[in-house]
Amino acid sequence: ETGVTQSPTHLIKTRGQQVTLRCSSQSGHNTVSWYQQALGQGPQFIFQYYREEENGRGNFPPRFSGLQFPNYSSELNVNALELDDSALYLCASRGLAQETQYFGPGTRLLVL
Amino acid sequence: SQQGEEDPQALSIQEGENATMNCSYKTSINNLQWYRQNSGRGLVHLILIRSNEREKHSGRLRVTLDTSKKSSSLLITASRAADTASYFCATDPTSGNTPLVFGKGTRLSVIA
């Protein structure tokens, strides 16, 4: 167990809807990153938050947004869902000076 | 986009045999990490090797890094059925704001 939790574990939405995924970081970790993993692919970096500010972003459109809270928990929001948004969404936390990221179990999102 | 490419895409071996997976990448890196994923769940960190290191061991795992060839290998010795999983290499690039760039993974099946 990494100490990183995510909710919900599974989610089904329809095209055009909005979704919020949640992540609780490992204690003491102030940096959280979100990744999207399509079936049969490796994880792709969405964005990273440090002390409630986004400080890195991958090649994802603005309808992917996030928040980090003072307790370092985090949310990923996706608006106007598309079928291709169906994937496993992973969050990972670490201390700023740490090289290793600790991943949660993921949320599997299915868009119909 | 994904920087790393694992080879082979799939590997099937008998219990007790050694498993070797290779990873190639494109840009300069701070370090390279190997992760394991069971059945589309969260990623488990296995081992990290820094750009100034050439070889590292952890239990039954041996990782090598050749920065001149931009390649790494992961060797799992005396494999067990419980080693069945997908294995990903991930690079920490020296430039840009992406914390980790993953390959597409190698699917390892260990047959008892």
Side-chain angles (χ1 to χ4, degrees), chain A residues 1-7 9-10 21 23-26 29-50 53-60 74 86-110, chain B residues 1-10 21 23-27 29-53 56 58 63 65 72 74 85-107:
Chain A
E1 293 295 325
T2 64
V4 180
T5 59
Q6 291 186 243
S7 63
T9 56
H10 295 83
L21 310 181
C23 172
S24 178
S25 303
Q26 188 179 109
H29 286 182
N30 53 19
T31 302
V32 65
S33 302
W34 285 90
Y35 295 82
Q36 179 196 66
Q37 185 178 20
L39 198 62
Q41 302 292 316
Q44 297 245 10
F45 172 64
I46 304 175
F47 45 56
Q48 175 173 277
Y49 277 80
Y50 168 64
E53 296 281 338
E54 183 182 297
N55 73 342
R57 190 176 183 94
N59 189 26
F60 280 81
S74 175
S86 295
L88 180 68
Y89 288 85
L90 297 160
C91 79
S93 74
R94 64 185 175 96
L96 183 62
Q98 289 183 318
E99 296 164 302
T100 300
Q101 296 198 30
Y102 297 88
F103 282 81
T107 293
R108 186 162 296 282
L109 172 66
L110 178 60
Chain B
S1 63
Q2 294 179 297
Q3 160 156 245
E5 287 288 338
E6 285 93 340
D7 171 53
Q9 291 186 348
M21 289 161 266
C23 168
S24 60
Y25 59 92
K26 298 174 184 173
T27 64
I29 61 172
N30 294 311
N31 62 68
L32 185 145
Q33 305 176 35
W34 284 90
Y35 285 82
R36 165 193 168 128
Q37 185 177 43
N38 285 75
S39 302
R41 299 298 288 169
L43 295 159
V44 175
H45 183 262
L46 296 176
I47 195 165
L48 178 153
I49 186 165
R50 295 186 176 85
S51 60
N52 61 352
E53 298 175 313
K56 207 161 182 181
S58 176
V63 169
L65 178 65
S72 173
L74 172 67
S86 291
Y87 292 81
F88 294 90
C89 72
T91 53
D92 177 5
T94 56
S95 62
N97 57 10
T98 301
L100 286 177
V101 181
F102 284 85
K104 293 184 178 181
T106 292
R107 175 70 189 168

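Note that this is a predicted model, so its numbers are computed, not measured. Letters A, B, ... are given to chains in the order of the sequence lines, protein chains preceding strands, and every chain is numbered from 1.
- Using a 4.5 Å cut-off between heavy atoms, B/Q9 does not touch chain A at all.
- Taking the six-membered ring for Trp and the full ring otherwise, the centers of A/Y102 and A/H29 sit less than 6.0 Å from each other.
- Residue B/R107: no heavy atom, backbone or side chain, is found under 4.5 Å from chain A.
- Using modelled atom types, one finds no donor on one side chain facing an acceptor on the other under 3.5 Å when comparing A/E99 with B/Q33.
- Neither the backbone nor the side chain of A/F47 comes within less than 4.5 Å of any heavy atom of chain B.
- Contacts between A/Q101 and chain B at a heavy-atom distance below 4.5 Å involve backbone atoms as well as side-chain atoms.
- Closest of all the heavy-atom pairs between B/T106 and B/E6 is OG1-CB, 3.4 Å.
- Both the backbone and the side chain of B/L43 come within contact range of chain A, each with at least one heavy atom under 4.5 Å from a heavy atom of that chain.
- Across A/V32 and A/C91, no two heavy atoms sit closer than the pair CG2-CB, 4.3 Å.
- For A/S33, the part lying under 4.5 angstrom from a heavy atom of chain B is the side chain only.
- Aromatic rings of B/Y35 and B/F102 (six-membered ring for Trp) have centroids within the 6.0 Å cut-off, being under it.
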